[in-house]
Amino acid sequence: MAIDRDSNVYTIVFATIMVIIVGGLLAFIASSLKPLQKANTTNEKMQNILQAIGLEEMRELQRDEAGAIFNDYVKRRITINYKGEILSDKTTEDVIDPLDKLDAFNIDLRKEYTRFVKPIMNQNKGDDEAIKAALTASTDIHFPIFVCKNNGKTIYVLSASGKGLWDDIWGYIGLSSDLATINGTVFDHKQETAGLGSKINEAWFEDQFIGKIIAENGKFVPIEVKKPGNDLNNHQIDGISGATFTGVGVDEMLGRSMEVYYDFFKNNSEFSTVSNKKESHSSKSTGAVRLKADTNITMELLPFADNFDLFLLSYSDLEIGDSRSFILSGIKFSAGSANINKHSSTKTLEKIVEGLKTMVGAQVELSGHTDNAGEEEALLTLSKNRAEAVKTYLIENGVDETQITTEGYGASQPLASNDTQEGKDQNKRTEIKIIK
Amino acid sequence: MSEEKKSEPLFSKKNKALITNPLNAINPVTIQVLGICSALAVTVQMDNAIIMSLAVTAVLIIGNVLVSLMRNIIPSKIRIIVQLVIVAALVIIVDQILKAYVYDVSKKLSVFVGLIITNCIIMGRLEAFALGNKSWASALDGLGNGIGYGLVLVIVAFFKEVFGSGTLTIPGLGKLTIVPEYFYELGYMDNGLMLLPPSSLFLVAIYIWVQKARTPELIED
């Protein structure tokens, strides 16, 4: 070869040509794929917002479908700042303009946190008062509100962003128009530990928030993420075991942002009068009934495990002689026997005991139900024995024997079809009926 | 020598060995101890391991072929830098394509796609093989090493996911429950350690043990 491949000139020329070719190629590919990538992120955002409303039919919503139905649900897009001033207020008639930085849809949650919130937090590390003052003074921080309407109900989809263990975490929260009850959530993360912190975007974690309350006696109460295994009240949820810092992050970002939203709604007559009216509407529409309507549970039976407070509320809500039933989904038995599985059931059982002690004069009926696998006779006996087992536990733990009756219904009252495993699992259950 | 090579069939014994050797005798992870970092990090779920293996294999084959084609014009003084630029460009292209066409997968792999650049297997094979061999042989070498890497990843991921989460996540099939609910009712618990990177070290070590026990020739003195 004529060219000396070790010469400096050759090396420099080679390097220059290579850089130009590679640079041009990358620029070309990046710009030609950009529209596709942009559509993906936009659709994902719409999907997240729609899912945070908390409607059952949205659970399986695909990313590509979100764009088409977004405007059917999201009727208004409002942007506010820390002081609660409205900076932008758009309706469905205003098309989302990607260049309009103030449009609620264009607010980049992660940027809000890293560009504006994080520096303030770092500067005033450890001094919570100073952080709050500086955050409040900042005019850069924006909060989007998506006013969603469905079947005459209004849900506000709000957002929060903060820091997990490794990088940003963010989420959308659907708040009922009572300005207290959470109706649905969607969380996501950049790179939390796979299998641990990364679980914040899984349904079991997100669903815990449904029915939790962010206000008490007209004051804001933050949602707390507790270590798993604790008893929870209606402002607390179970964290992810092994992912303490991700939980702390969720806790922090929710507390910080939801308070701003709460104050905004309370101080803005347009939103708070609606909710006041609803609250004073009639004494019957307190807690239990409203929550039921808002979470779309049409069944008369409510899962007890997630709604202990509802269980308590229900009783105070009942007229003398009325009754209400709950499914004790937390109580499990060993297969085919009436032995209570202590490990998974104790928490629920303890709660029932605690609850019954506050319900003076209540009568309860415990009933067992099974799927259709087996002889009818045997199923009736099994379900009766299971109800008896729960009764025995309650009596041993101090509930008055005369308050409790038991019943075994076998397979006679299925909730779902016995043709699928899922249906069968649903039919195998213990119910509690409280009678005032 | 070049004449002799021309007549060589595409899948000669020698070329086949280029694919099969990296599966066992010179496995990049367990024997050459390359690419350990991602073997530790992306093995919590099966689907991530599979997709990561595919991405590494693709980058490895294309990178090997490109470097092999250019092996006579790359200035030796800056050959490492040239290889780096090629690999980096390929990884960026893979990342951009994933983001545009399989967005969910790109979200799952997030930083790990970028980290393919630092995967020692790739630089190692470019430097050790592609620089001195023809492009067809280099492609086979890339394929073999990619599969060898993927094999370890998938096996490690299998045990980590089954024992760590009780599930298996397979692309196209979704999350399959492996450990029945009945076990949990009896008091069985998932092993949390399996979800953390260190458990991969144990599993890779056990893998090497089994491998060397089965092929005694691999045992060094």
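Please read these numbers as outputs of a predicted model, since none were measured by experiment. We name chains A, B, ... by the order of the sequence lines, and we start the count at 1 in each one.
For M70(B), the part sitting under 4.5 Å from any heavy atom of chain A is the side chain, from C-beta outward, and nothing else. For a residue to count as touching a neighbouring chain, one of its non-hydrogen atoms must lie under 4.5 Å from one of that chain's; by this rule D188(A) touches chain B with the side chain only. Interface remark: T41(A) contributes backbone and side-chain atoms alike to the contact with chain B (heavy atom separation under 4.5 Å). Both the backbone and the side chain of L33(A) come within contact range of chain B, each with at least one heavy atom under 4.5 Å from a heavy atom of that chain. I86(B) does not touch chain A: none of its heavy atoms, backbone or side chain, sits under 4.5 Å away.
Counting heavy-atom pairs under 4.5 Å between each of I29(A), L26(A), V22(A), D167(A) and chain B puts L26(A) at the top. Across K160(B), M194(B), K77(B), the residue that shares the most heavy-atom pairs under 4.5 angstrom with chain A is K77(B). Chain A forms the most heavy-atom pairs under 4.5 Å with one residue out of I81(B), I74(B), L196(B), and that residue is I74(B).
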Yes or no on side chain to side chain donor-acceptor pair (under 3.5 Å) for Y184(B) and D190(B), after CA distance, side-chain angles and deciding distance? CA-CA 9 Å; Y184(B) 292 102; D190(B) 288 325; 2.8 Å; yes
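Of the possible polar contacts, one joining the E161(B) side chain to the T169(B) backbone as a donor-acceptor pair under 3.5 Å is found. In terms of modelled atom types and a separation under 3.5 Å, the side chain of N40(A) and the main chain of K99(B) share a donor-acceptor contact.
Scanning both residues, F333(A) and I340(A), for their nearest heavy atoms gives CE2-CG1, 3.6 Å.
The cationic atom of K45(A) (NZ for Lys, CZ for Arg) lies less than 6.0 Å from the six-membered ring centre of F105(A) and within 45° of the ring axis.
Look at K199(A) and E192(A) and you find no salt bridge, because none of the NZ, NE, NH1 or NH2 atoms lies under 4.0 Å from a carboxylate O.
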